[in-house]
Amino acid sequence: MTKVANWGNYPRINTSLQIAYNTETVKKILSKNDSFIVRGMGRSYGDASLNSKLIVDSKSFNDFILFNRTTGELIVEAGTSFDAILRKMGGSGWFLPVVAGTKYISVGGAIAANIHGKNHHTSLSLVNHINWIAVLLADGSVVRCSKTQNSDLFYATCGGQGLTGVILYASFQLKKYETTVISQKNESCNDFQELIYKLKLANENSEYTVAWVDLVNRRFKGLVFSGDFISDEELSSFKNLYLLGYDNCKPPLLGVPFYSPSALINKLSISSFNNLYYKVNTLKKHCFHTTVDKFFFPLDAVKHWNRLYGSNGFIQYQFVIPEEETAMLQRIISFIKKSNLNTPLAVLKICGDDPGHHGSLSFCKKGLSLAMDFKYSEKLLGVLDKVDDLVAKAGGRVYLAKDSRMKACAFREMYGNAVEEFMEIKSKYDPQNRFTSLLSERLKLCA
């Protein structure tokens, strides 16, 4: 037995681990075990890829099948990391259509979570850029599915948290850009309404946007970051910008070697850091050029940064509510601040109008999305239960890929008819409920 936890280090479980090297290995594991879940890089925050009996590690299942530099089609095995893809594409002019806040995630995990990024308002979730996926079903057969072929399995798998089958291969449509240099713009905000206004304006003018919010200090502070890939013409006018292209996809130079004492994460330390972070980003040029790594994956610069929260771990709580519910968002923020849980990180985005599909448990829909990190505590669980109620009341939902504590009743209230639709498809393809996780047991997503 091995002790395993995902990125939030909560929960930790003792379980068996087996490595998947190829399709035949996965089939053999399937034939000998009645229940397991597949895990990629372990960068989901919660318990979606944890199983108390068996976890299948897919990191070694990572071959490139095809990269068409003319059309931008990419076919890879599900254990392939986004980091490996970005390095493979270096200098080609192609880029992943959607990236999360870290490049150290697997293709299979990204599909199972149906990830979204800073460009959701322009490019929506990952499912919209997948040509097809190959899935190993509970009966041992391999099925290819897409938006038009076995579409029920396709949409249930994209965002299905690994519960419909084992994703083996995937074909993506990449996006073409002239350079790998980002033109970034930083804007400071001194009140909530100004932040929302500037974020909406950024969404209208930039492909990638996100906002940072200080939820600890009494005086409101916020930052809106926006960016776009620059053109060849702009690059040619700044000779020093050529160097930025070689700065992408570097391994982290810094690291946290051990779990920090939990007491280090307190109101004083977070307040001081937030004040410094705000000042540094307001002192920067209003517009400047930067790299893919610095713009999309700033936290990847520090290896094992999750250890800063201490050995008890942390929870990242992310929700989305309709855009007209700004008053409810302010109410939730006020409630969080009054709870004195002291979140070190809060990130706000405005999501685009992602179409819903029958049987899909995908997270994003048009509205305001707020993600917050919290050091784990018993008090935190009770506070987040109350936030669940507010989110559900506003017609919102919590992101399953980051969840490790939501109750089944709150989940069903948030996701509504999609739960029964998903269960119908899971029963069709996995009638014996062979693909299970702590998340599926907790939320009663059993066939």
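Side-chain polar atoms of Thr209 and Asn203 form a donor-acceptor pair below 3.5 angstrom. Between the side chains of Arg39 and Asn6, at least one donor-acceptor pair of N or O atoms lies under 3.5 Å. Asp354 and His120 are linked by a side-chain donor-acceptor pair at a separation below 3.5 angstrom, with hydrogens and angles left out of the test. Side-chain polar atoms of Asp373 and Tyr309 form a donor-acceptor pair below 3.5 angstrom. Ser269 and Asn266 are linked by a side-chain donor-acceptor pair at a separation below 3.5 angstrom, with hydrogens and angles left out of the test. A donor and an acceptor atom, one from each side chain of Ser52 and Thr15, are nowhere located under 3.5 Å apart. With hydrogens and angles left out, the side-chain atoms of Gln432 and Asp430 include no donor and acceptor closer than 3.5 Å. Looking at Gln161 and Ser440, their side chains never bring a donor and an acceptor atom within 3.5 Å of each other. Of the N and O atoms on the side chains of Thr80 and Asn62, not one donor lies less than 3.5 Å from an acceptor on the other residue. Of the N and O atoms on the side chains of Asn217 and Ser271, at least one donor lies less than 3.5 Å from an acceptor on the other residue. Glu73 and Ser171 are linked by a side-chain donor-acceptor pair at a separation below 3.5 angstrom, with hydrogens and angles left out of the test. Side-chain atoms of Ser183 and Asp228 include no donor-acceptor pair closer than 3.5 Å. Side-chain N/O atoms of Lys379 and Asn340 include no donor and acceptor closer than 3.5 Å.
Heavy atoms only, all atoms of each residue included: Ser206 and Ser226 are closest at OG-CB, 3.6 Å. Across Ser188 and Thr282, no two heavy atoms sit closer than the pair CB-CG2, 3.5 Å.
Both cation-pi conditions hold for Arg397 and Tyr415: the charged atom is under 6.0 angstrom from the six-membered ring centre and inside a 45 degree cone around its axis.
Under 4.0 Å is where a charged nitrogen must lie from a carboxylate oxygen, and between Arg412 and Glu420 at least one such pair does.
His129 contributes a side-chain N or O that, together with a main-chain N or O of Ser123, makes up a donor-acceptor pair within less than 3.5 Å. Proximity of a side-chain donor or acceptor of Lys147 to a complementary backbone N or O of Val127 within less than 3.5 Å is detected.
Met406 pairs with exactly one of Val391, Leu439, Asp388 by the side chain to side chain contact (heavy atoms under 4.5 Å, CB included) rule, that one being Asp388.
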